[in-house]
Structures are given as structure tokens and as C-alpha cells.
Student: 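Please see the structure below; I have some questions.
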Protein chains: 2
Amino acid sequence: MPDKEMITVLEAPTREEAAEAVKSALSRRRILMMVGNCWVNYQGRARSILNPGERILIIKEDGSVLVHRPRGYEPVNWQPPGCIFHSGLEGDVLFIKAVRRKPREVLQVFFDKIYFLAAMSLLDKGEFSLHASEEEMQKAIMNQPSLIEDGLRIIAYEKKVEPGFVDVYGVDRDGRLVVIEIKRRTAGKEAVLQLSRYVDSLRGEHGRKVRGILVAPKIARQA
Amino acid sequence: MPDKEMITVLEAPTREEAAEAVKSALSRRRILMMVGNCWVNYQGRARSILNPGERILIIKEDGSVLVHRPRGYEPVNWQPPGCIFHSGLEGDVLFIKAVRRKPREVLQVFFDKIYFLAAMSLLDKGEFSLHASEEEMQKAIMNQPSLIEDGLRIIAYEKKVEPGFVDVYGVDRDGRLVVIEIKRRTAGKEAVLQLSRYVDSLRGEHGRKVRGILVAPKIARQA
DNA sequence: GCCTAGGTCCCGTCA
DNA sequence: TGACGGGGCCTAGGC
């Protein structure tokens, strides 16, 4: 199944072999994975220096770059998609330079030992679906307002008002306007402030009673 | 340089070989990299399903998990450090289950084709230094307040006030309190609101003139 | 443990 | 194009 065209693996390549493979992979927009001893410079929105150590480098076909240390969820250095690459040998060192414009950012990775290198073209058309987002909760409320309160009628959703957005907008059984702000997780004072701004702006606009409801699994101690 | 102990590579392993290598790598807390055809389920703070496709799986020695598609900076599925793993063969499918407690989250990856697999122990003691952060800007201002204004004396930094934090806190040449909010990049209305809340709270507390200064490379059109 | 704020956040959306 | 807010955000620092 992994045919030569699809995936190329080099174990302990020389720097020359690696340099060749890197150039080929980058020019053909193949995915590149490398493991070895490297150091990294970054300059752009900030500046960083990573001293030598053993890491994993991944360059994807869209020109994104990841440098991963042996621990941690996040890459220690990276570049978002759209980079342009330069690579080659500088003495005994294999360098890869990833340049992003807008904003201008340059990432440089230098390898003096390469333990492993793989270049590949992966086919991935699989659909990805994520559930239980704020949007899903909003739909549920739209479909069944009684989840919040009996007699509640939904008028609009994501209706724009002065300071920003309202998630759901309705009228309760006593004819008062109701503004519902949905937070999928613990709501902090940010959310409370946001909602109170909505309510104030609507109260000023309509001159009648307005209620704000915050829908969240939990609320911090600023209730 | 890559000795057998340090890195093990299997090209196109059988599922049985792969299952064995995965179990061994996970139990010995080695880093695992796999490329192949897989699908992924996640359930925890949200829920997600990723249909079959060719991807890269990385499990690090601290128990973090990354599933990367051929494009994009971000992993499509992941698990933060600290996971506990279960793996094995279920019929023709190799599964890896990563469980996190607190919050309870489960990630399951299923492979039906494995193109290659690498298990390794990487040594990375390299220091990482990042410059030009908000912290760095604060230090610069602390050391040389005249950067902001002549006659400015710094009193405190990150002093707590009612609504949250103040970055730097001082007195200007006319004896007025000065609150300095530092943003490393373009400041939006968020930052302005934050600062005005600081100023209000201090004004109420001290009953005297308070000035707010927003330090940022650019400010959005809400100045 | 919860809560808060920053991030080279990234990313989508919309004016 | 910039501005704004969400994210399974993650991560570090207080309390």
C-alpha cells in the first residue's frame, strides 16, 4: 500500500542525502517529516532562539511548519500555512528557511544530525464534524425555547444590536424582551459584562423592560 | 548516530507488528509517530468525528497526542499532556485510545493501514528564549520610564486593582496617577475598555486625577 | 482546585 | 483588507 511514489523514508541519511530529499519534497509540495538534532531561529511578530536538541520537524503541503519538542501539546516553533522555503547545506549543516509575508516572518531550522526523514503525499478527504458548540446549543434553544423557560417565544437569533451581537432574542410570557447569551463553558465576568451591555443598549432603544439570560454550564462568582 | 535504542522505524508494518510496536512504545514512554489511514472519535468538552483519511499521529512521551491532516497548522484532533493509553487490535483495525481525566476526555484513533511507524527517545535540553513579549516591553518601561514620558516615576507593576490588572502604575511630573496598559500588538476596543475600567476604579478609589496610557504599536479606529 | 490573562495564539466571518 | 470573537483553544501564574 505505501508505494514508492507515495512515501519515501530515509533512516540515518547523510546530510547530502537529506538535503536532496528536502529540496525534492519541498519543490513537489510533499509533506516532510524529519527527526534529528537541530536549532531554530524565529523572527517576526516576536523573536526567539531555540538551542540545539533533538526534535521533530514537520512541513506540510500547504507550507505550514511545526517544530515539536519531545514534550508538550504545542510546537515550540512554527509557521502558519503559506510559507515559501529555501533549503540547502551550509558547511556541515542542513538549513531550512521558511518565509512568510504578511506579516513578514522568518523561521530558520538548522540540522547537524538527521536520524530519520520521510517525504510523502497523503490523501485525506475525510469529513470532520464537531458537535456541542455554541452554535449547536443555539439551535437546540431555537427548536425548543421551553428548555429555557415556559412561554418563551424566539424572535430572532444573532440579531445585531449596538455593542455587538446577541445570541438569541425573544419575548417572554409577560411580553418583556429577553436576551439570551450562550456560553458553552463556565461564564466569566466578560460574558456578564457583554450581556449587561446588550441589555442596556436595548433598554435605551426600546424604553421597556428587558431581561438578560445567561445560558452556561456554570458561572464564576460574579453572578 | 541513531542507535537502535534511540529510534526504531517500521516501514509498511503489518497491523500485528504495528500493534506490538505501539504497545511497546507507549509502555516505555517513547515518542510514537505513525502515518497511515485512520479515523478518529473524540468525546469530552465537545464531540467530534473524523472520517477515514491519511494522517500523521504523534504521541509524545508526556502523553500528549496530535493528529495532523496534510494541511493546516493545527491538529485536527489532539489530547493535552497527561493521557493514559490503551491500544490493541480489534479485528483488522489497530486502535489507540487516549484518556484524560479532569476534564474527562477520550480520543480514539483507528488505523486500517499503516505506512510507517517510528518509536524514539529524543533528548532535548536546549534552552528556548522568546523576546519582544509584553513582559519584555514592561521591563523596558520599568527600566526607563522616560520612554513613555519625561518625569514619569514608576510606582508598581501589575498592581491589582478592582477590575483586574494594571500593567504599570506610576506618577507623572504633576503628581497625577498614571496607569499604563501594554499591548504588544494592535490594540482593539477590548484594550480601551479594559484601561478605562482601571482608570474609573482608581479614580473612585483615590478621588483624584488619574490618567490612562495605552502603549501599543497601533490602535484601532476607536481611539 | 478555580480563575484570569496572554499567545509569534490560529481561524473564520463580516464590514 | 482589517477588526472582532471563538476555540475541545493551551499555558502560565495567582490564590
Side-chain angles (χ1 to χ4, degrees), chain A residues 40-50 64-67 71-83 98 100 102-107 128-136 138 158 160 163-165 167 181-191 194 218-222, chain B residues 40-50 64-67 71-82 98 100 102-107 128-138 158 160 163-167 181-191 193-194 218-222:
Chain A
V40 185
N41 293 334
Y42 158 78
Q43 174 139 22
R45 287 166 291 178
R47 240 168 299 170
S48 77
I49 293 173
L50 177 62
S64 46
V65 183
L66 305 168
V67 180
R71 294 168 171 276
Y73 160 84
E74 292 182 328
V76 59
N77 280 110
W78 72 93
Q79 206 72 289
C83 286
R100 180 194 189 194
K102 206 66 184 155
R104 172 83 180 180
E105 297 188 290
V106 181
L107 183 74
F128 176 70
S129 54
L130 180 65
H131 315 282
S133 61
E134 187 173 311
E135 190 185 354
E136 299 266 330
Q138 181 178 311
E158 283 203 348
K160 285 203 177 57
F165 295 84
D167 283 325
E181 168 80 19
I182 301 168
K183 288 292 166 217
R184 206 181 37 71
R185 46 185 173 156
T186 306
K189 63 181 171 186
E190 189 75 14
Q194 195 175 353
K218 213 161 48 159
I219 297 184
R221 264 164 297 175
Q222 292 82 344
Chain B
V40 185
N41 293 334
Y42 158 77
Q43 174 138 21
R45 287 167 291 180
R47 241 168 299 171
S48 78
I49 294 174
L50 176 62
S64 47
V65 183
L66 305 168
V67 179
R71 295 169 170 276
Y73 159 83
E74 295 182 328
V76 59
N77 280 112
W78 71 92
Q79 206 71 292
R100 180 193 189 196
K102 209 60 187 169
R104 172 83 181 181
E105 297 188 290
V106 180
L107 183 73
F128 177 69
S129 55
L130 178 64
H131 315 282
S133 61
E134 185 173 308
E135 190 185 353
E136 299 267 329
M137 290 173 73
Q138 182 179 313
E158 284 201 347
K160 284 208 177 57
F165 294 85
V166 166
D167 284 324
E181 166 79 19
I182 300 168
K183 287 294 164 213
R184 207 183 36 72
R185 49 185 170 157
T186 306
K189 64 180 171 189
E190 189 76 13
L193 277 171
Q194 196 177 352
K218 213 162 49 162
I219 297 184
R221 266 163 296 176
Q222 292 82 339

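Just so we're on the same page: letters track the sequence lines, and every chain starts at 1.
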Student: Starting at CG of A:Leu66 and ending at C1' of C:dT8, how long is that distance when rounded to a whole Å?
Tutor: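 In whole Å, C:dT8 C1' lies 13 Å from A:Leu66 CG.
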Student: For the pair made of CG in A:Asn41 and P in C:dT8, what is the distance, rounded to whole Å?
Tutor: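 Going from CG in A:Asn41 over to P in C:dT8 covers 16 Å.
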Student: Check the distance between D:dC9's C1' and B:Arg100's CZ and give it to me in whole angstrom.
Tutor: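 Interatomic distance, CZ of B:Arg100 to C1' of D:dC9: 11 Å.
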Student: Using only side-chain N and O atoms of A:Trp78, determine if any of them is under 4.0 Å from OP1 or OP2 of C:dC10.
Tutor: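 Answer is yes, contact under 4.0 Å.
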Student: What heavy-atom pair brings A:Cys83 and A:Arg100 nearest, and what distance separates the two atoms?
Tutor: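 That would be SG-CB, 4.0 Å.
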Student: Rounded to whole Å, please give me the gap between NE2 in A:His131 and C1' in D:dG7.
Tutor: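 In whole Å, D:dG7 C1' and A:His131 NE2 are 16 Å from each other.
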Student: With DNA chain C as reference, determine whether A:Leu107 or B:Lys102 sits nearer its 5' end, using the nearest nucleotide of each.
Tutor: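 It is B:Lys102, whose closest nucleotide lies nearer the 5' terminus.
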Student: Taking atom C1' in both C:dC11 and C:dG7, compute the distance separating them and give it to the nearest angstrom.
Tutor: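 Looking at atom C1' only, C:dC11 and C:dG7 are 14 Å apart.
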Student: Please state whether the phosphate of C:dA5, meaning OP1 or OP2, lies under 4.0 angstrom from any side-chain nitrogen or oxygen of B:Lys183.
Tutor: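 So the side chain of B:Lys183 is outside the cut-off, no N or O lying under 4.0 Å from OP1 or OP2 of C:dA5.
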Student: Write down the distance between CZ (B:Arg185) and P (C:dA5), rounded to a whole number of angstrom.
Tutor: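 Going from B:Arg185 (CZ) to C:dA5 (P), I get 15 Å.
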Student: Between D:dC9 and D:dG5, how many Å separate the two C1' atoms, rounded to a whole number?
Tutor: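 One C1' to the other, the span is 13 Å.
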Student: NA contact type, B:Lys218, heavy-atom cut-off 4.0 Å: base, sugar-phosphate, or nothing?
Tutor: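 Nothing, no heavy atom under 4.0 Å.
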Student: Suppose we define a pair by two distances each less than 3.5 Å, Watson-Crick or G-U wobble; what does C:dG6 pair with here?
Tutor: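 C:dG6 is paired, partner D:dC10.
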Student: Between the protein and nucleotides 11-13 of chain D, list every N/O to N/O distance that falls short of 3.5 Å.
Tutor:
{"residue": "D:dT11", "atom": "OP1", "partner": "A:Tyr73", "partner atom": "N", "Å": "3.2"}

Student: Test of understanding: with salt bridge (Lys or Arg N to Asp or Glu O under 4.0 Å), list the residues that count as partners of B:Arg71, not counting sequence neighbours.
Tutor: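 Salt bridge (Lys or Arg N to Asp or Glu O under 4.0 Å) check on B:Arg71 returns A:Glu61.
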Student: Categorize A:Gln43 for me: base, sugar-phosphate, or nothing, with a 4.0 angstrom heavy-atom threshold over every strand shown.
Tutor: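 Result for A:Gln43 = nothing.
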Student: Just the rounded figure in Å: distance from C1' of D:dC4 to CD1 of B:Ile219.
Tutor: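 Distance, rounded to whole Å: 17 Å.
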Student: Please test A:Val40 against A:Val76 for side-chain contact (heavy atoms from CB on, under 4.5 Å), starting from the C-alpha separation and ending with a verdict.
Tutor: CA-CA 9 Å; A:Val40 185; A:Val76 59; 6.0 Å; no
Student: What's the shortest heavy-atom distance between B:Trp78 and B:Pro75, and which atoms?
Tutor: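 Here B:Trp78 and B:Pro75 meet closest at CE3-O, 3.9 Å.
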Student: Taking OH from B:Tyr42 and C1' from D:dG8, how many angstroms apart are they, rounded to a whole number?
Tutor: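 From B:Tyr42 OH to D:dG8 C1': 4 Å.
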Student: How far does the C1' atom of C:dG6 sit from the matching atom of C:dC10, given to the nearest Å?
Tutor: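 Rounded to whole Å, the distance is 14 Å.
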Student: In whole Å, what is the span from the CD atom of A:Gln79 to the P atom of C:dC11?
Tutor: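 Atom CD in A:Gln79 sits about 12 Å away from atom P in C:dC11.
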Student: Which pair of non-hydrogen atoms, one from A:Asn77 and one from B:Phe128, has the smallest distance, and what is that distance?
Tutor: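 Smallest heavy-atom distance, with atoms named: OD1-CE1, 3.7 Å.
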Student: Return the minimal non-hydrogen interatomic distance between B:Tyr73 and A:Gln79, and the atom names on each side.
Tutor: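 It is CD1-O, 4.5 Å.
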Student: Could you tell me which residues satisfy salt bridge (Lys or Arg N to Asp or Glu O under 4.0 Å) with A:Arg45, sequence neighbours excluded, listed by chain and number?
Tutor: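 With neighbours one apart ignored, the set is A:Glu105.
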Student: With a 4.0 Å limit, can you tell me whether B:Arg45 has a side-chain N or O closer than that to the phosphate oxygens OP1/OP2 of D:dC10?
Tutor: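 The answer is yes; a side-chain N or O of B:Arg45 sits under 4.0 Å from OP1 or OP2.
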Student: List the residues meeting side-chain contact (heavy atoms from CB on, under 4.5 Å) with B:Ser64, not counting sequence neighbours, and say none if there are none.
Tutor: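 Only B:Lys60, B:Asp62, B:Pro81 meet the side-chain contact (heavy atoms from CB on, under 4.5 Å) criterion with B:Ser64.
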Student: Just to be sure I understand the rule, does A:Val106 reach a base, reach only the sugar-phosphate, or reach nothing, if contact means heavy atoms closer than 4.0 Å?
Tutor: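 The answer is nothing, as A:Val106 stays clear of every strand by at least 4.0 Å.
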